[in-house]
Asks: 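Please see the structure below; I have some questions.
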Amino acid sequence: MERRIRLRRPADFERVRQEGCSLSHPLLVLVVRPSGFDCTRIGVVASRKIGNAVARNRARRLLRESARHLYPRIASGWDLVLIARPMILRAKEPQVREALALLARQAALLE
RNA sequence: CAGGUCGGCCAGGCGGUCGCGCCCUGCAAAGCAGGGCGAGGAAAGUCCGGGCUCCACAGGGCAUGGUGCUGGGUAACGCCCAGGCGGGGUAACCCGACGGAUCGGGCCACAGAAACAGACCGCCCGGCGAGAGCCGGGUAAGGGUGAAAAGGUGGUGUAAGAGACCACCGGCGCCCGUGGCGACACGGGCGGCCAGGCAACCCCCACCAGGAGCAAGGCCAAGCAGCGGCGAGGUGCGGCCCGCACCGUUCGAGCCGCGGGUAGGCCGCUCGAGGCGGCGGGCAACCGCCGUCCCAGAUAGAUGACCGUCCGCGACAGAACCCGGCUUAUCGGCCGGCCUGGGGG
RNA sequence: GUGGGUGUGGCCUAAAGGCAAGGCACCUGGUUGUGGCCCAGGCGAUUGUGGGUUCGAAUCCCACCACUCACC
């Protein structure tokens with residue numbers, strides 16, 4: 001997933017998590033807020049609760065890969081933050097993608 | 001063959017599709033195309049040591065902290081190598097904070113007479129007493145206590161005894177000789193056995209250490225607003241004092257409280273005490289010379305997903321300025337040296 | 001990145017190198033018509049883990065683990 005469509009700055013993360021709406025699933029949490037631009041940007045978070053550095057990297061990679069496959073079908077003009085939950089370490093990529101698609105449909109971002 | 005011990009190495013492979021970061025080249029550019037590179041042996045814990053950067057410059061004294069057999073290696077070390085000594089193991093081999101207890105202070109619970117100073121039961125002598133025994137003195141062999149109580153055996157000696165004396169053995173101190181750079185070892189002589197342990201208690205001795213840390217430090221851009229109180233000292237060095245320098249005591253350094261602004265980008269940023277190969281020196285750690293290679297540089301933080309296939313369904317685990325060590329975690333596999341036991345030729 | 005702190009029964013705290021103490025909780029009995037309060041008795045500890053120093057370690061030293069705080 002290219003960096004230009006990623007959330008980068010700490011202030012962006014702070015704004016989305018303060019002002020956005022959140023939807024949860026056992027594997028992850030999705031936070032949504034209108035971006036004010038045409039494009040949609042996505043940020044990925046794994047806290048120390050997930051585990052050590054290897055586990056946190058694994059969780060972020062799963063979320064990024066799922067978002068990459070779904071990105072063309074997601075509506076434009078939103079900022080998304082994906083937060084990993086501990087259960088995600090036991091899942092494989094298609095399950096994570098399915099969970100993300102479910103949350104995106106609930107948020108009316110996906111068809 | 002079995003068991004042990006020491007050392008070194010590997011860390012799923014191959015093929016395909018989609019995807020990520022950096023660098024180079026081409027195109028005028030957003031970008032696209034091609035090529036190259038892309039986590040570890042511990043990247044970890046942050047327990048030590050250095051490089052690098054800033055703190056204006058260096059000095060003296062007192063503290064504080066660390067290390068602790070000897071020699072060597074190294075940029076340096078609390079690391080490594082070799083050796084000595086002590087301990088463990090049949091052995092290969094492993095382990096060791098391993099300087100000083102007559103400078104001084106402190107501690108050694110309980111038990112025990114007594115924990116570094118003395119005598120409870122004993123033994124012996126003298127006196128008293130009809131006697132049991134009592135009093136005074138000598139003694140430290142035997143008993144008892146304890147983790148620890150004036151070296152062991154045999155003799156001489158004695159009232160009873162005792163290194164009081166003698167022989168041998170063991171330990172300690174001093175002196176001399178030999179070997180070794182040295183720690184130390186071996187041999188000889190003398191001395192008295194005056195008599196403990198703990199310095200991972202203070203301490204003494206020797207050696208070492210200025211402070212902070214890449215959020216160091218430098219550049220660019222953007223933004224802002226002051227007010228009130230205390231006030232003669234404050235800052236540069238971290239602990240203190242001296243010295244030196246700077247700012248300040250009318251125009252107010254600094255501190256405290258309230259309030260206001262920013263949290264973007266670039267450099268540092270990877271070529272290094274570097275890897276590999278050869279030759280030479282050294283027992284080794286390691287060093288020198290020559291050749292050759294370029295091997296992550298991210299900044300919400302790049303290595304992943306899916307499919308096929310093989311083995312045994314693959315552990316611990318992710319660079320964040322860089323190196324040298326230590327320690328800890330780790331499924332399993334491969335190679336080699338040595339030791340012990342058994343069997344065969 | 002740097003520098004501190006803590007770890008003791010289920011919980012909260014004690015303990016100058018010498019038998020790990022107390023309160024709450026829990027259990028049993030008493031008191032009461034019943035429960036609480038109260039009284040008596042009892043159970044319950046690898047002192048975070050592993051080594052070392054010492055005759056002897058919760059205490060001293062080293063390494064590790066977990067939690068936690070402060071600063072930039």
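What's counted below: heavy atoms across the whole structure, side chains too, no hydrogens, waters or symmetry copies. Each chain gets a letter, A, B and so on, in the order its sequence line appears, and its residues count up from 1.
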Asks: List the steps and the verdict of salt bridge (charged side-chain N to carboxylate O under 4.0 Å, His left out) for E65(A) and R61(A).
Replies: CA-CA 6 Å; E65(A) 185 68 9; R61(A) 282 164 184 161; over 6 Å; no
Asks: What distance, rounded to whole Å, do you find between the two C1' atoms, one in A317(B) and one in U330(B)?
Replies: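 That atom pair is separated by 9 Å.
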Asks: Let me know the distance between CZ of R58(A) and C1' of A39(B), rounded to the nearest Å.
Replies: 17 Å
Asks: Only pairs with both distances under 3.5 Å count, Watson-Crick or wobble alike; so what is the partner of C71(C) in this structure?
Replies: G1(C)
Asks: May I have the step-by-step check of side-chain contact (heavy atoms from CB on, under 4.5 Å) for L80(A) and L30(A), ending in yes or no?
Replies: CA-CA 7 Å; L80(A) 312 181; L30(A) 172 67; 4.2 Å; yes
Asks: Classify the glycosidic conformation of A315(B) as syn or anti, calling it syn when the angle lies within 90° of 0.
Replies: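 You should classify A315(B) as anti.
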Asks: H25(A) and R85(A): which non-hydrogen atoms are nearest, and at how many Å?
Replies: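 Taking every non-hydrogen atom into account, O-NH1, 2.9 Å.
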Asks: Starting at atom NZ of K92(A), determine the distance to atom P of C307(B), rounded to an integer number of angstrom.
Replies: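 About 6 Å, once rounded to whole Å.
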Asks: C1' atom, C290(B) versus G7(B): distance in rounded Å?
Replies: 31 Å
Asks: CZ of R56(A) versus P of A317(B): gap in Å, rounded?
Replies: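 Whole-Å distance recorded here is 13 Å.
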Asks: Considering only the P atoms, how many Å lie between C186(B) and G171(B), rounded to the nearest integer?
Replies: 10 Å
Asks: Between C316(B) and C295(B), how far apart are the C1' atoms? Round to whole Å, please.
Replies: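 To the nearest whole Å, 25 Å.
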Asks: Name the closest nucleotide to the F13(A) side chain, picking from G318(B), A300(B), G19(B).
Replies: A300(B)
Asks: Would you mind pulling out the nucleotide paired to G341(B), Watson-Crick or G-U wobble, both distances under 3.5 Å?
Replies: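 The base-pairing partner of G341(B), which may sit in any strand shown, is C1(B).
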Asks: Have a look at G99(B) and give me syn or anti from its glycosidic angle (syn if within 90° of zero).
Replies: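 Here the answer is anti: the torsion falls beyond 90° from 0.
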Asks: Base of C65(C) relative to its sugar, syn (within 90° of 0) or anti?
Replies: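 C65(C): anti glycosidic orientation.
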Asks: How close do P86(A) and I50(A) get, counting heavy atoms only, and between which atoms?
Replies: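 It is N-CD1, 3.6 Å.
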Asks: May I have the distance from Q95(A) (atom CD) to C306(B) (atom C1'), rounded to whole angstrom?
Replies: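 Those two atoms, CD and C1', are 14 Å apart.
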Asks: Please state the C1' separation for the pair C108(B) and G18(C) - nearest whole angstrom.
Replies: 10 Å
Asks: Taking only the side-chain heavy atoms of E65(A) (C-beta and beyond), determine which of C306(B), G318(B), G304(B) contains the nearest atom.
Replies: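 When the side chain of E65(A) is considered, G304(B) is the closest of C306(B), G318(B), G304(B).
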Asks: Tell me what E93(A) touches on the nucleic acid: a base, only sugar-phosphate, or nothing, going by heavy atoms under 4.0 Å.
Replies: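 Counting heavy atoms under 4.0 Å across all strands, the contact made by E93(A) is with sugar-phosphate only.
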Asks: Using the P atom on both, measure C326(B) against G65(B) and round to a whole Å.
Replies: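 The same atom, P, in both gives a distance of 29 Å.
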Asks: Using whole Å, what does the distance between atom C1' of nucleotide A44(B) and atom CZ of R48(A) come to?
Replies: 13 Å
Asks: Mind checking N52(A) for me? I need base, sugar-phosphate or nothing, with any heavy atom below 4.0 Å counting as a touch.
Replies: sugar-phosphate
Asks: What about R61(A), does its side chain sit under 3.5 Å from the base of G318(B) through a donor-acceptor pair?
Replies: yes
Asks: Return the nearest nucleotide to the side chain of R68(A); candidates are C18(B), A302(B), C306(B).
Replies: C18(B)
Asks: List the steps and the verdict of side-chain contact (heavy atoms from CB on, under 4.5 Å) for R60(A) and N57(A).
Replies: CA-CA 5 Å; R60(A) 280 193 289 261; N57(A) 274 340; 3.1 Å; yes
